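Numbering of ligands and ligand atoms starts at 1, following listing order. Starting from 1, each residue takes its place in the sequence as its number. Just so you know, these numbers come straight off a predicted model, no measurement behind them.
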Amino acid sequence: MEKELKALKTLADCQAFHAKYLGKSGEITKQLQGLKDIEPSKRATRGAELNILRRETEEKLFKIQHDIEAAEANAKLMNDPLIDVTNPLTYTARPSGPGVTPGGLHPITQVIREVEEIFAGMGFIIEDGPEIATEYECFDALNCPQEHPARDMQDTFWLSDGRCLRTQTSAWQNHMMKKYGPEFRAICPGRVFRNEALDARHENTFFQCEGMMIGKDISIANLIYFMKAALTAVFKKDINIRLRPGYFPFVEPGFELDASCVFCKSGEHCPVCKSSGWVEFCGCGMIHPNVLREGGIDPTKYQGFAFGFGITRLAMLKYDLNDCRWFNSGNLEFLQGGTK
Ligand code: DAH
């Protein structure tokens, strides 16, 4: 029987094999039917043997059939001159037909891709750090040792091996410095986690984008230039920015960066910026010497800026949303742009 299984080449062969052994009058079926005629003391053992044989034969046949079907489908695709198998759209299952809306990219994915494109255009490397970080990467390397009070602001989920779900994309700073040395510019967008009570502005899972530029003679003027250019490209509108003093352990001096409000219309009250004309956008500053040193960079020779903004927040501003919980809701009406 093994030999016969190996010789099966077409679906018709498989059908013939099935009829011969497993079908209504197949050999295994017949033997199972004949169990009633054999000596009762041997019946149970023989029955068990036959059932195992039947199941194993079915499984082997099923696998062979499946492989033949897959090979036939592939051959059909490869030989069809109208199908380009190198085009991802060809092999991505997409619903189509009247009344069916094709799937699309999640709004967060769209914003991440747009941000990546903008920063790549300004010479930034795009990095992708892991969502699980060591305590060192997430805190200690960022000038935030165990007893530092700033740790309280970022409660997270801990793994039993001492690692954690990163609370900030800043957790990848140390790695980037060690990877690229003292002169580079890079961004690292990605998912971050906090142990938070949920409301319209707080989620336990959201997205940030970290950015760093290190070199000789880098100053806040460079940061202002890049942030203004990036925001102007995202909103397709001239954006002004301003800095206010802000505290983050990994930068000195540190700032809160505000962007001019894109929703304000002259003479009307603006609910987004409460008519102040500015919306809080991100934290940033000049990288603290301890952080540079920890990344193997000599702070007496090199300096740099860092920033970290919420991709989720940016998406809220871009799509004019007032509740961040929509993004993880899985609500199709929202994802298709139908609700706010
Ligand atoms: N990691 C900070 C946070 O999640 C944001 C941040 C602030 C990042 C200042 C930076 C920075 O790189 O310089 O709140």
Side-chain angles (χ1 to χ4, degrees), residues 115 119 124-127 129-131 133-145 148-157 164-177 180 184-196 201-214 218-227 230-231 241-259 279-295 297 299 302-316 324:
V115 165
F119 277 96
F124 282 71
I125 300 163
I126 314 296
E127 269 283 314
E131 289 169 7
T134 60
E135 185 176 357
Y136 170 78
E137 290 166 338
C138 203
F139 299 108
D140 299 75
L142 292 165
N143 199 29
C144 196
H148 201 293
R151 278 205 186 190
D152 289 353
M153 295 186 294
Q154 299 193 4
D155 189 14
T156 185
F157 305 91
C164 63
L165 299 189
R166 64 176 176 191
T167 55
Q168 45 186 351
T169 42
S170 311
W172 204 231
Q173 282 198 4
N174 186 262
H175 179 92
M176 292 197 276
M177 288 184 279
Y180 296 115
F184 73 94
R185 52 183 101 159
I187 60 162
C188 170
R191 194 182 267 121
V192 296
F193 309 85
R194 302 239 177 128
N195 186 6
E196 295 264 14
R201 301 190 129 239
H202 297 92
E203 255 287 11
N204 51 29
T205 305
F206 55 103
F207 288 80
Q208 285 188 335
C209 179
E210 196 71 12
M212 294 180 96
M213 179 174 188
I214 304 180
I218 302 293
S219 75
I220 283 296
N222 301 106
L223 170 76
I224 293 173
Y225 169 80
F226 283 115
M227 293 314 284
L231 285 168
I241 59 172
R242 72 172 186 188
L243 298 179
R244 290 176 288 117
Y247 177 72
F248 302 94
F250 28 92
V251 279
E252 179 57 40
F255 305 100
E256 298 277 359
L257 185 148
D258 296 336
V279 286
E280 263 180 45
F281 183 65
C282 74
C284 56
M286 293 303 290
I287 304 169
H288 196 288
N290 288 350
V291 175
L292 286 171
R293 228 175 271 124
E294 209 60 46
I297 296 174
Y302 300 95
Q303 59 285 141
F305 65 76
F307 59 85
F309 63 84
I311 292 271
T312 305
R313 169 126 180 85
L314 181 58
M316 285 171 77
C324 65

heavy-atom search around atom 11 (C) of ligand 1 in the protein gives Phe250 CE1, 3.5 Å

At under 4.0 Å between heavy atoms, is it the side chain or the backbone of Cys284 that contacts ligand 1, or both, or neither?
backbone

Assess Arg194 for proximity to ligand 1: is some non-hydrogen atom of it under 4.0 Å away?
yes

If you measure only the distance, is there a donor-acceptor pair under 3.5 Å linking the side chains of Gln173 and Glu210?
yes

Centroid-centroid under 6.0 Å between Phe307 and Phe119 rings
yes

Tell me, which protein residue and heavy-atom name are nearest atom 5 (C) of ligand 1, and how many Å apart are they?
Gly308 O, 3.8 Å

Check this for me: does any side-chain nitrogen of one of Asp155 and Arg194 sit under 4.0 Å from a carboxylate oxygen of the other?
no

NZ/NE/NH1/NH2 to OD/OE distance under 4.0 Å, Glu135 and Arg151:
yes

Please list, in number order, the atoms of ligand 1 under 4.0 Å from a heavy atom of Gln168.
1 (N), 2 (C), 3 (C), 4 (O)

Shortest non-hydrogen contact between Glu294 and Asn174, atoms and distance:
O-ND2, 3.2 Å

Which of the atoms in ligand 1, numbered in the order shown and given with their element, are less than 4.0 Å from a heavy-atom of Ala306?
12 (O), 13 (O)

At less than 4.0 angstrom from any non-hydrogen atom of Gln173, what atoms of ligand 1 do you find?
12 (O)

So for Gln154, does at least one of its heavy atoms come nearer than 4.0 angstrom to any atom of ligand 1?
yes

Among Glu210, Gln208, Arg166, which one has a heavy atom closest to atom 12 (O) of ligand 1?
Glu210

Take every heavy atom of Met153, measure it against each atom of ligand 1, and state whether any distance is under 4.0 Å.
no

Measure the spacing between CD1 of Ile297 and CE of Met177 and express it to the nearest 0.5 Å.
5.5 Å

I need the minimum non-hydrogen distance between Phe281 and Met227, along with the two atoms involved.
CE2-CE, 3.9 Å

